[in-house]
Structures are given as C-alpha cells and as structure tokens.
Amino acid sequence: MISVQDGQNRVLARILGPTPAEIVALPRALGRVLFDDLRAPFDVPPSDNSAVDGYAVAGADTPSHGTRELLVIADLPAGAVFDGELAPGRAVRIMTGAPMPPGADTVHPQETVERLDDRVRVSALARGANVRRRGEDIRAGTIVVEPGTLLRPQELGLAASLGLCQIAVHQRPRVALLSTGDEVVEPGAVRRPGQIYDANRFTLRGSIEQCGGAVLDLGIVPDARDELRARLGEASAAADMVVTSGGVSVGAYDLIKEVLREIGTIEFWQVAMQPGRPLAFGGIGDAHFFGLPGNPVASILAFMLFVRPALYKLGGRRRLFHEVYEARTLEPMTKKAGRREFKRGVLQMREGRWEVRTTGPQGSGILSSMVHGNCLVILEETRGDVASGETVLVEPF
Ligand code: AMP
Ligand code: MG
C-alpha cells in the first residue's frame, strides 16, 4: 500500500510528453490549453488616446488658475484620426478611445468645460490628465499569456485585441471510458431486481470533459474475463488513457487486475486513503490505465486525486493541482491515523471566517454527499480523530 502523494508522484512520472498542438478558431478556444506563448506584436493601446469624452488640448494651453477660451477646430469620434498638428490656442473635441491629435497631451472632460459656439472654456488641470498612453496595457514583444495556461474568456479577449483569429492549443487527450459489473445497467433501460443504474460513467465522463479530455465511451462491460480483455485491448489502442470503474477490489468477480496483468502492467493498486483504497494504475500498450473503484464517491475521488493531474499534464497544463485552503470545522470527525481521509463538506464564510461541516453520512456509495457538498475535507495521514473547532484543509469542488 502506498500513500496518496507517492501514488500521485508515480502517476505523474509515467506521463511524459503533453499532447501536440492543433489550431482552433478563437471562439472555439475557451477551456483549451495554450500551446505557444502569446506575444504582443504591437503596443496595446497602439497610440495615446483619450480616456474620456472631452477636449484635447496642449498642456501649455491649460491655465494654471482661472479659465481660458480655446477655439474648437475639429470633432473626433472614436476611430477618426486628426491629421495635422494642434496649434496653440486650439482644442479638438474628442471621444473616448480616439487617438490624441499630435500636439495635444491633455483632455478636459466634457463635464468640466463650458462650450460657447465654436469655443470652449477650460480650467486648471494636470498636464497629461485623461490620456491613456500607448503601450500602457501591453508593450510590443512581451509575453502576455504563458504556454500551458487554461484559456478563460479574458485570455480570448486579449488574443483578439492582438488581432488573432485563431490560436494553437494542445490537442485534447483521448480517454476511453467504461464501467464494469454484471449488475450495472444503462439508464433508460429496464432495471431488474439486483441491478443498479450506471452512475460512474456519467460522473467520470463529466469529470474528464471538465479536465479537457475527449471521451471515447465504451459502455458497460460485464464481469467476464474474455470480454474485459477484448474491450480493454480495444480501448488502449484507441486512446491515450483508459479509465474504468468497478472490479478492482478483492471480490470473486473483481477481474481488472488479473486482466491488466495479462495484457499490460500494474504500477500499484492500493492507496492508503479512504474512500477509494483499491485503485489500479498501470498501462496497456501506449495507453495509461486507471482502474477506479466501483463505489460512486470512491471513483470520483480517485479521479480527482490521480486521473485529473495526469490528464492536466497530458493536456499540457502548467498547474496540476487545485488550491487547498484552511477552515475551522464545526463538528468532530472520526479519522484513522495512517491513511489520508476525505470527507465531503459544506464550506461557508461566517463572520469573516471559513467554516466547514460535513454533508452527513460519509459512505463511499453515498453519491448525494458530493451533490450536497461543495468541498473535500482533507485529513492528513498523521492525524487521528478531529475535534470540533480544529483547523482542517479543504479543497473546493
Ligand atoms: P466493485 O468495486 O465492482 O465491487 O463495486 C463496488 C460497488 O460499487 C458495488 O456496490 C457496485 O454495485 C457499485 N458500482 C460499481 N460500478 C458502478 C457504477 N458504474 N455505477 C454505480 N455504482 C457502481
Ligand atoms: Mg463490480
């Protein structure tokens, strides 16, 4: 049996190069992972421009006290450019975002001036006020987004502001997914006594897609050695990663490990954690293999701990683990020293402090605990029972 941390290190050590690049149109790049760094080909903004609607003047024409009248010689909407040089004693009416006329360096906001026919009366104002400087957002040549970054709406907007209409991202890792178990049936089908609907293929499919993977859904496979062998062989030939649930513990029909030994390799299969102790990691051909437990909470937890960082690494992401925080627990929790335990918790801010309680019964089959909860409570290996009021680690989900 190995620790969670050991298991994670061993999984990540097996994941070598990330997936290669593909070019996608910018509107399709949301949630993808940037392949090359994104560099600015020009200054943003590309020229000095007005930050307000108002009147552009030369600093020397702004009085240090009292007011001064200037002749308004042009009206510049956004997008228009003033050609020529602003002569002394003159002003140009300018809209937000319009480039500053040569010779002007200050903009008097519309609300602060008095307009009299073709003249405008301005008063004291700091030189350079209300002007956005060329390059103040981004200097030409600088890296604005690092490779391996998950593209959010703001990164897409930034890429667009640099004139890009397509972008190189990592290809989605291909993940073959199947459920195992004679008792497991497809939702929508008739369920006979003793049968259960397949929940794991849906939590896992969603989890894989949330992590940027492309799912190859291979359905439900019964607990039959020959069929498992054939389907796993097929899965590994078609995907970068194979994920199964069920059949990894020590029951008479738990065949995953045996089949894996025949057609691939096992790196480890037990982790000192609760829930989710039985968990097989290895490889079949060129594909990585994750045999997750059958219990619905255990399988999604094992996914979060081992498959997710692997999928992130394979998909080119720089950050492989989610942020962990501290909170005060509102209730005692039982805990066995020597293994890492994960409770489902409800985290909330009260009177300026983060507090957490559990969702109630914590059995590894109680999937509703994941639905009612919003975080994992992580209890480290060295820890025993936890008293109310102690500080614990939490990871929001
Ligand atoms: P196993 O590890 O195959 O013995 O499964 C452990 C428990 O999880 C059993 O109660 C199974 O019925 C249940 N289980 C296995 N696969 C699934 C699945 N795909 N969806 C929901 N429950 C499952
Ligand atoms: Mg089973």
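Note that ligands are numbered from 1 as they come in the structure, with each ligand's atoms numbered from 1 the same way.
- The residue from Arg68, Arg127, His108 that alone fulfils the side chain to side chain donor-acceptor pair (under 3.5 Å) condition with Thr62 is His108.
- Taking the charged nitrogens against the carboxylate oxygens, Glu22 and Arg32 do have a contact shorter than 4.0 Å, which makes a salt bridge.
- Using a 4.0 Å cut-off between charged nitrogen and carboxylate oxygen, Arg383 and Glu381 do not count as a salt-bridge pair.
- Residues Thr334 and Asp385 bring no donor and acceptor atom of their side chains to less than 3.5 Å of each other.
- The 4.0 Å heavy-atom shell around ligand 1 contains residues Ser179, Thr180, Glu183, Val184, Ile196, Tyr197, Asp198, Ala199, Asn200, Ser245, Gly246, Gly247, Ser249, Asp254, Gly294, Asn295, Pro296, ordered by chain and number.
- In summary, the side chains of Asn200 and Ser179 do not present any donor paired with an acceptor at a separation below 3.5 Å, with no hydrogens or angles considered.
- Between Tyr312 and His170, the distance separating the two ring centers is not shorter than 6.0 angstrom.
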